[in-house]
Amino acid sequence: MQEASVINYKETLNLPQTAFKMKAGAATREVEIETHWDEAKVYETLMTSRNKAQKFVLHDGPPYLSSDKIHIGTALNKILKDVVTRYKSQQGFYTPYVPGYDGHGLPIENAVVKNIKGGRHAISEVELRKRCREFALANLKGQETNFKRLGVWGHWEKPYITIDAEFEATQIKVFGKLYEKGFVYKGLKPVYWCPTCETALADAEVEYGDHASHSIYVKFPVKNVDKTPLEAQFKTLLTDASLVIWTTTPWTLPANLALAINPEFTYHLVKSRWGKLLVAEKLLPAFAKVVMTPEELAEYELIGSTDDFEAIAEFEGRELEGLITRHPFIDRESPVLMGEHVTLDAGTGIVHTAPGHGMEDYLVVQQYNREQFKDNPLPILSPLDNSGKFTEEALVPELLGVPYHLGNPMVLEILRAQQALLHDSKFTHSYPHCWRCHKPVIYRATEQWFIDIEQFRPDSLKAIDTVQWLPERGRNRIFNMVEGRGDWCLSRQRVWGVPIPIFYYEDNREVLITPEIIAHLYELFKVHSSDIWWAQSAEELLAGLPENLKVQYGLGQRKLIKEMDIMDVWFDSGITHTAVVDARKDELGELPVELYLEGSDQHRGWFQSSLLTSVMLYNKAPYKSVLTHGFVLDESGRKMSKSLGNVVDPNSVIKEYGADVLRLWVASVDYTNDVRIGKNTLHQMAEVYKKVRNTVRFILGNLYDFDPAQHSVPYAELSMLDRYTLHRLQHILGNITDAFEQWEFNRYCHEIQYLCMADLSALYFDVTKDILYCDAANAPRRRAVQTVLYALLQTILPVLVPVTPHLAEDIWLSLPEAQKTKVDGVAPVSATLLPWPQPNAQYVNAELAQQFETLLSVKEAVNQALEGPRSEGKIGKSLEAQVILLPEAVAVSDLLGQLTPSEQEVLFNVSAVSVATAPPDVTPFDWHTRVAGNEVAVYAMPAIHAKCVRCWKSDAAVGKMPGHPEICERCHQAVE
RNA sequence: GGGCCAUUAGCUCAGUUGGCUAGAGCGCACCCCUGAUAAGGGUGAGGUCCCGUGUUCGAGUCACGGAUGGCCCA
């Protein structure tokens, strides 16, 4: 006895041993792992070895380089892409990922201008562009570092950037091709214009501030009623009536070309001292108060009409379509158009429409010009020069040369003279001002280059239906947009971009653009980038053309000037299918590529610009499928904003939890809708990460003495529980694979979680610990469990790769060589090179699974029963208990009979199990508990035999072992 | 203001063609263990399925209306 107690039995156990740390230490460990990937050239090696395999190309949409930081939304996007390419790569595809960046555009230009002392005109355009380029490239470095730290793999050595000389050259070529095909035309479109700075302004460059404007009501007499759908009597009523408009910009009246009416509103024709007037019913009272004298108001109230006026007739807005009015002071017709944009907020419900001076006016006129006015379109009239002075086009001689704002009182005079002015007052409202000079800006139509959508709209719509849109609703979204969109305005009055490669003869503004010139510019741009457009004059740019062409174009005789507008950045990124994919055909294959994956806002943006340009060039969509994700909101579903203080910064998440936790979050949410993130969410993901990590750690720790080549146990010799666990593994592998194929990563997350928490930690590991630790190292049933653990590892490790590549690598690097999966006979340098596990049909056993469902419900009953003695302090851990089972169904007793007593003890994790056929006499135990249900009754009580000090199980043999009086027979064998 | 979408336990998600006493994992509470140990096990409490109104024998599931939030437009 004395002798025995000297023995430290703990040292005779097979306790877990592993160098794999419980804590990730992600902040440093992940960086080490990324360094390993870089040094081992993992991505490059894979690409080289796979270049014969079937391609799966996910083409990256380029983020803006206006900052070196990345947002959580960008992180979501890049991680999703990475999960996709990693998974597909494991499935054996050749999956190149070329990261892209959008380096042109206003945000960059403005950010640079902000830092120029003395404003943008203090430096040359060439210099400004140089700084923009430097700024963009510096930001690229920053973003790249951030993307790589997310664990995103790809062709970082050679990303694509829209400011690359070659990219820009291709863009010139593409523009030339579209011009040649007749898709490009020059038109007029209103833009914000600052007459003081004499420049166009982007939306982002106007600031709103108070401004005192006129508020005037003007009569437009009816000229022609023939084309209205009205009955004759109503036509007659209208012939000598007038429509009343309200405007705050009298100076735009010379540019009036139409009136707009809302087809849904009701309009009243009323008598007044100005004759018969037409005004929206709902606005009549307000209109009356403004334009009538108190006496008149009183009089009308006496008349007792429903409104302040005496209504003669009422019309639905739509009945007035086709009505033609006369301009109050210019000999011109002003037709009535139907417009949904007409509101009842203010005015008369009839809107003065000057398409050259307002965006909504422009759009409604464009709409009519495409349809009803196709044969006789309205012009986009904008009779002001660059400095805001009236031109001849205004058709009012006294306004010629007058600045627009001084034109206001003059127009009022003219209206008065024509007796067309019903009312004039001043009022203050919010009005756009120039961000630089802070003076009010105007809308002014300028010449711009457009793409004529009509020519290929039907083809585009057809192309949309060749694409798989995920989620499906995306199809309708983009279809409706393309179906209803207007022409694409390509021109931007900026500096930082690719120029519209057009020359004009200075004498008559005739356009010069030919395939030869485009080819020449292509070569120039390829060498010098688009910078050369600003560095050289038109003559210099064309100096290299062959002599015969120079003669043909009249160079040297007629002076040429360059177009100075640049292209819309959506055109830049829209043609990446050509400037990137087609240009790297060897690497990226033929168009269309497999997948575009962006936020759902890109239905209007990149998906569309890519589609339209691709249809124009190739008459097909550039992608086979389009997958979209929603936006990232805070934990309560609000948009993130600095002012709310609810912004989640990906870098701080990585610092606190590591990139894999962030990636796990990405995988856990249903990204097809908007997703939420916050402290709580991240903390929870960290818990999941830890659980997975510890599950693997348990496996590694218990495989320290296992060599699969020597110790593996054949399937037939595995216990029922072992085989069930393999079945579960297989089942979950199937679900996971299916989830990845559908891009439903949240299902993957749930499956992995369930496997680790329920199947393994709470069940298999918990009950096999006794075997692993206490059996002799080489005991068959211990080797069997290790065989299962090894099978688990071989499947779990590779499936961790797409979402948590750092974790997978960390595991891989701590594996002994003998346990590493071999690919072509060699263990790969990185876990990320492991193939996706193949399903193993041998492990699938539906019958066994069904049987186990029942056994597990018995286990559940046992657990419930054990709570009885435990709550009374009679037992602690389950091993201190024994149970008597009384099956209430034949199936249950049959099943229990299939397990040996020792297997029963293992499954229920107790010291003894007996299966009774009749209720036992439990009187000696006043602490028994019986749990009904589960088709079994369970009687739980403390084990009666002495406890083995080695394995902590109570057993009748304790005390009978020679030389080891404190241990049981199994332990005795293990020790001896 | 228009188009599209979402809303099931504190969190992340399941809920097939209407049959649910609405599930899972986490988190939480309580208990146990101390040989996976800044780990592990067990039990349990949590839900007017956003709100109305319909259709139906029966609605988380279908229809209509509304609220809130999001994206895109105006």
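Letters go in sequence order (proteins before strands), and every chain restarts at 1. Values below: every heavy atom of this structure, side chains too, minus hydrogens, waters and symmetry copies.
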request  = Output all residues satisfying ring pair (Phe, Tyr, Trp, His ring centres under 6.0 Å) with A:Phe745, sequence neighbours left out; order by chain, then residue number.
outcome  = A:Tyr671, A:Phe740

ask   = Can you tell me how far P of B:rG42 sits from CG of A:Leu879, to the nearest Å?
value = 14 Å

inquiry  = Would you measure the distance from the C1' atom in B:rC71 across to the matching atom in B:rU8 and give it in whole Å?
reply    = 23 Å

inquiry  = Rounded to whole Å, how long is the line connecting atom CZ of A:Phe698 with atom P of B:rU37?
reply    = 10 Å

query = Checking all strands, does A:Cys749 fall into the base, sugar-phosphate, or nothing category for heavy-atom contacts under 4.0 angstrom?
reply = nothing

Got a list of protein N/O to nucleotides 72-74 of chain B N/O distances below 3.5 Å?
| residue | atom | partner | partner atom | Å |
| --- | --- | --- | --- | --- |
| B:rC72 | O4' | A:Arg477 | NH2 | 3.2 |
| B:rC72 | O2' | A:Arg604 | NE | 3.0 |
| B:rC73 | O5' | A:Arg604 | NE | 3.4 |
| B:rA74 | O3' | A:Glu360 | OE2 | 3.4 |

task = Ignoring backbone atoms, test whether A:Arg638 places a side-chain nitrogen or oxygen under 4.0 Å from the OP1 or OP2 oxygen of B:rG69.
result = yes

ask   = What's the closest nucleotide to the A:Met22 side chain, out of B:rG40, B:rC13, B:rU37?
value = B:rU37

ask   = For B:rG35, does the O4'-C1'-N9-C4 (purine) or O4'-C1'-N1-C2 (pyrimidine) torsion place it in syn, i.e. within 90° of 0, or in anti?
value = anti

task = For the pair A:Arg782 (side chain) and A:Tyr773 (backbone), establish whether a donor and an acceptor sit closer than 3.5 Å, ignoring hydrogens and angles.
result = no

ask   = So, A:Arg676 versus A:Ser636: side-chain donor-acceptor pair below 3.5 Å or not?
value = no

request  = Nearest whole angstrom, please: distance from the C1' of B:rC4 to the CD of A:Glu483.
outcome  = 15 Å

task = Specify the separation, in whole Å, of atom CE of A:Met338 and atom P of B:rG2.
result = 20 Å

inquiry  = Does A:Arg485 reach a base, just sugar-phosphate, or nothing at all? Heavy atoms under 4.0 Å.
reply    = nothing

key: Spacing of A:Tyr773 atom OH relative to B:rU34 atom C1', expressed in whole Å   = 12 Å

task = With sequence neighbours excluded, tell me which residues meet ring pair (Phe, Tyr, Trp, His ring centres under 6.0 Å) with A:Trp570.
result = none

message = Measure CG/A:Asn14 against P/B:rA36 and give the value in whole Å, please.
response = 13 Å

query = What interatomic distance, in whole Å, is found between P of B:rA63 and the corresponding atom of B:rG69?
reply = 24 Å

request  = May I ask you to say what A:Val675 touches in the nucleic acid, namely base, sugar-phosphate or nothing, with a heavy-atom cut-off under 4.0 Å?
outcome  = nothing

message = So does A:Gly637 get a backbone contact from the side chain of A:Asp674, meaning a donor-acceptor N/O pair under 3.5 Å?
response = no

note = note: A:Ile478, atom CD1; B:rC4, atom P; distance rounded to Å ~ 16 Å

ask   = Knowing that exactly one of A:Thr804, A:Asp660, A:Asp810 qualifies, which makes a side-chain hydrogen bond (donor to acceptor under 3.5 Å, both in side chains) with A:Arg693?
value = A:Asp810

query = Does OP1 or OP2 of B:rG41 have a side-chain N or O of A:Ser761 closer than 4.0 Å?
reply = yes

ask   = With a non-hydrogen cut-off below 4.0 angstrom, is A:Arg676 in contact with a base, only sugar-phosphate, or nothing?
value = sugar-phosphate

query = Which residue, A:Leu755, A:Ile811, A:Leu733, forms the side chain to side chain contact (heavy atoms under 4.5 Å, CB included) with A:Ile796?
reply = A:Leu755

inquiry  = What contact category does A:Asn909 fall into here, base, sugar-phosphate, or nothing, at under 4.0 angstrom with non-hydrogen atoms?
reply    = nothing

request  = Sticking with atom C1', work out how far B:rU12 lies from B:rG27, rounded to a whole angstrom.
outcome  = 11 Å

query = Taking all atoms of both residues into account, what is the closest heavy-atom pair of A:Cys756 and A:Thr695, and its distance?
reply = CB-OG1, 3.4 Å

request  = Determine, step by step, whether A:Thr681 and A:Glu635 satisfy the side chain to side chain donor-acceptor pair (under 3.5 Å) criterion, reporting the C-alpha distance in whole Å, the side-chain angles of both residues, the deciding distance to 0.1 Å, and the verdict.
outcome  = CA-CA 8 Å; A:Thr681 322; A:Glu635 222 146 22; 2.7 Å; yes

query = For RNA chain B, what are the stems built from at least three Watson-Crick or G-U pairs in a row, each pair having both distances below 3.5 Å?
reply = B:1-7 with B:67-73, B:10-13 with B:23-26, B:28-32 with B:40-44, B:50-54 with B:62-66

note = From CG of A:Asp770 across to C1' of B:rA36 the rounded distance in Å is 15 Å

inquiry  = Can you tell whether the side chains of A:Asp766 and A:Lys769 come within less than 4.0 Å, N to carboxylate O?
reply    = yes

query = Could you run down nucleotides 25-33 of chain B 5' to 3' and tag each one B, S or - for protein heavy-atom contact under 4.0 Å?
reply = BBS---SSS

ask   = A:Lys691 side chain N/O closer than 4.0 Å to the phosphate oxygens (OP1, OP2) of B:rG40?
value = yes

task = Return no unless some side-chain N or O of A:Asn673 is found under 4.0 Å from OP1 or OP2 of B:rC71.
result = no

query = RNA chain B: A:Leu13 or A:Asp766, which has the more 5' nearest nucleotide?
reply = A:Leu13

task = Could you give the distance separating B:rC30 and B:rG35 at their C1' atoms, to the nearest angstrom?
result = 25 Å

query = Would you call the rings of A:Tyr596 and A:Phe607 parallel, tilted or perpendicular, where under 30° means parallel and over 60° means perpendicular?
reply = tilted

B:rC64 versus B:rG40 - spacing of their P atoms, nearest Å = 49 Å

message = Suppose you measure atom P in B:rU55 against the same atom in B:rU17; what distance do you get, rounded to whole Å?
response = 24 Å

inquiry  = Taking only the C1' atom of each, what is the distance from B:rC50 to B:rU68 in whole angstrom?
reply    = 8 Å

key: Residues in side chain to side chain contact (heavy atoms under 4.5 Å, CB included) contact with A:His972, at least two apart in sequence or another chain   = A:Met961, A:Pro962, A:His964, A:Ile967, A:Glu976

ask   = How far does the P atom of B:rC51 sit from the matching atom of B:rA22, given to the nearest Å?
value = 15 Å

ask   = Taking 4.0 angstrom as the limit, do A:Arg970 and A:Asp775 come out as a salt bridge?
value = yes

query = With a 4.0 Å cut-off on heavy atoms, is A:Asn746 in touch with a base, just the backbone sugar-phosphate, or nothing at all?
reply = sugar-phosphate

key: Electrostatic pair A:Lys874:A:Glu880 at N-O distance under 4.0 angstrom   = no

Closest-nucleotide 5' rank along RNA chain B - winner of A:Arg473 and A:Lys10 = A:Arg473

